[in-house]
Engineer: 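My questions will all concern the structure given below.
Each residue takes its place number in the sequence, starting with 1. The structure displayed is predicted, hence computed values, not measured ones.
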Amino acid sequence: MPLPAPNLNPPFNIVRLSHVELRVTDLAWSRAYYVDLLGLQVTHEDGDGLYLRAMEERGHHSVILRRADRPSVGVLGFKVWSEEDLDRAATWFTGRDLPVSWIERPFMGRVLATRDPWGVPLEFYARMDRLPPIHQHYRLYRGVKPLRIDHFNLFFSNVDQAVEFYGDMGFRVTEYTADEETGRTWAAWMHRKGGVHDIAFTNGTGPRLHHTAFWVPTPLNIIDLLDLMSTTGYLSNIERGPGRHGISNAFFLYIRDKDGHRTEIYCSDYQTCDPDLEPIKWDLKDSQRQTLWGAPAPRSWFELGSEFEGAALVESDLKATPIIAP
């Protein structure tokens with residue numbers, strides 16, 4: 001099916017993705033993993049939760065780790081341009097018969113809570129507590145030296161429908177994978193902030209969070225992290241990479257925590273802010289779409305993801321698959 005035309009005048013102005021809440025079963029283990037190993041900075045800690053930011057981020061947090069009995073994803077967060085955009089977003093979601101409520105969140109102003117038509121919990125805000133810059137506090141840099149949150153990738157049972165809905169909100173497709181036999185979209189990368197993506201959709205049982213990605217300075221940071229993980233007890237948490245994607249041209253590494261939440265460490269994609277930028281199409285059977293160097297992804301990368309709290313899973317009826325490593 002052809003991609004819908006981009007909506008260059010959306011009903012409200014989303015600036016970028018902002019934050020994710022991960023439900024974890026062992027907060028102490030997760031602190032060691034995300035803070036001591038990866039290098040995210042703690043901005044607040046209490047008995048049931050941990051708030052983290054990366055080195056270039058001025059907002060209070062981009063990751064919330066919340067203690068829970070079972071792992072899941074609590075919410076995906078997005079920043080809008082203004083308080084007026086927040087009100088326009090509430091009107092837009094209400095007009096589509098989707099749930100809308102105003103909730104209290106620590107360290108944030110007004111927060112609009114809603115869900116997309118498939119049950120993914122979303123929240124939007126215009127103001128978050130600002131913190132002093134730390135990007136030149138080099139004594140704080142450790143682990144992979146994460147600079148900022150970059151994108152979310154989700155499993156969806158119907159990627160074409162996801163592209164249409166999120167496109168109506170103003171997300172624009174930069175690259176996509178087509179299944180030539182059915183004419184359907186197998187995966188799509190969509191952005192607001194001017195990189196390759198703020199959010200992406202991959203065919204599969206969903207909705208589930210495939211991964212959250214963090215931008216790092218150079219590919220050498222990824223090599224350093226691999227050396228660190230392989231010698232400090234985290235070898236089994238390395239899932240895929242390092243490598244270079246054909247899609248996005250990014251250098252990547254995928255790792256998974258003990259609860260199964262996947263993180264991509266990511267750099268070297270390209271600028272996409274021009275409004276007339278045409279999406280790049282890839283054939284599902286082209287092995288270089290996954291990895292420019294030709295190595296296929298492992299089966300776990302196509303099958304395992306984190307469930308969203310309160311969202312029912314639906315199996316995709318698009319059975320086409322790319323090349324998968326044995």
Engineer: Quick one: CG on L112 to OG1 on T94, what's the gap to the nearest 0.5 Å?
Structural biologist: 8.0 Å

Engineer: Counting only heavy atoms not in D69 (residues, nucleotides, ligands), do more than 12 fall under 6.0 Å from its CG?
Structural biologist: no

Engineer: Other residues, nucleotides and ligands only: do more than 12 of their heavy atoms fall within 6.0 Å of CZ on R96?
Structural biologist: yes

Engineer: Going by the angle between their ring planes, with limits at 30° and 60°, are F252 and Y254 parallel, tilted or perpendicular?
Structural biologist: tilted

Engineer: Between E21 and R105 (salt bridge meaning N to carboxylate O under 4.0 Å), is one present in this structure?
Structural biologist: yes

Engineer: Is there a path of hydrophobic side-chain contacts, each under 4.5 Å between heavy atoms, that joins F308 and V24?
Structural biologist: yes

Engineer: Is the distance between the ring centroids of Y166 and F201 less than 6.0 Å?
Structural biologist: yes

Engineer: Assess the pair W282 and Y176: is the distance between their ring centroids shorter than 6.0 Å?
Structural biologist: no

Engineer: Among Y266, F214, W189, find the one that has a side chain to side chain contact (heavy atoms under 4.5 Å, CB included) with H151.
Structural biologist: Y266

Engineer: Aromatic rings H60 and F107: how do their planes relate, parallel, tilted or perpendicular, breaks at 30° and 60°?
Structural biologist: parallel

Engineer: State plainly whether the residues D198 and K193 are in salt-bridge range, i.e. N to O under 4.0 Å.
Structural biologist: yes

Engineer: Give a yes or no on whether the backbone of Q290 and the side-chain of H245 come within a donor-acceptor separation of less than 3.5 Å.
Structural biologist: yes

Engineer: Salt-bridged, K281 to E180, with N to O below 4.0 Å?
Structural biologist: yes

Engineer: Give the intermediate values and the outcome of side-chain hydrogen bond (donor to acceptor under 3.5 Å, both in side chains) for residues W301 and E239.
Structural biologist: CA-CA 8 Å; W301 197 88; E239 181 187 33; 4.8 Å; no

Engineer: Give a yes or no on this: more than 12 heavy atoms of other residues, nucleotides or ligands lie within 6.0 Å of atom CH2 of W29.
Structural biologist: yes

Engineer: Test H197 against H191 for ring pair (Phe, Tyr, Trp, His ring centres under 6.0 Å), laying out the working first.
Structural biologist: CA-CA 4 Å; H197 52 322; H191 80 95; 9.7 Å; no

Engineer: Is there a donor-acceptor contact under 3.5 Å from the side chain of R31 to the main chain of D26?
Structural biologist: no

Engineer: Between D46 and R67, is there a side-chain N and carboxylate O pair less than 4.0 Å apart?
Structural biologist: no

Engineer: Are any non-hydrogen side-chain atoms of D116 and L122 less than 4.5 angstrom apart?
Structural biologist: yes

Engineer: Are E83 and R88 ion-paired here, with the side-chain N under 4.0 Å from a carboxylate O?
Structural biologist: no

Engineer: Could you give me the CA-CA distance, side-chain angles and deciding distance for H261 and Y33, then say whether side chain to side chain contact (heavy atoms under 4.5 Å, CB included) is met?
Structural biologist: CA-CA 12 Å; H261 298 308; Y33 181 84; over 6 Å; no

Engineer: Could you go through the side chain to side chain contact (heavy atoms under 4.5 Å, CB included) check for R148 and S62 one step at a time?
Structural biologist: CA-CA 8 Å; R148 56 188 177 271; S62 58; over 6 Å; no

Engineer: Measure up the F12 and F93 rings against each other and bin them: parallel (under 30°), tilted (30 to 60°), perpendicular (over 60°).
Structural biologist: tilted

Engineer: Out of T218, L140, N221, L38, which one pairs with K145 under the side chain to side chain contact (heavy atoms under 4.5 Å, CB included) rule?
Structural biologist: N221

Engineer: Would you say the side-chain atoms of W102 pair up with the backbone N or O of V111, donor to acceptor, closer than 3.5 Å?
Structural biologist: no

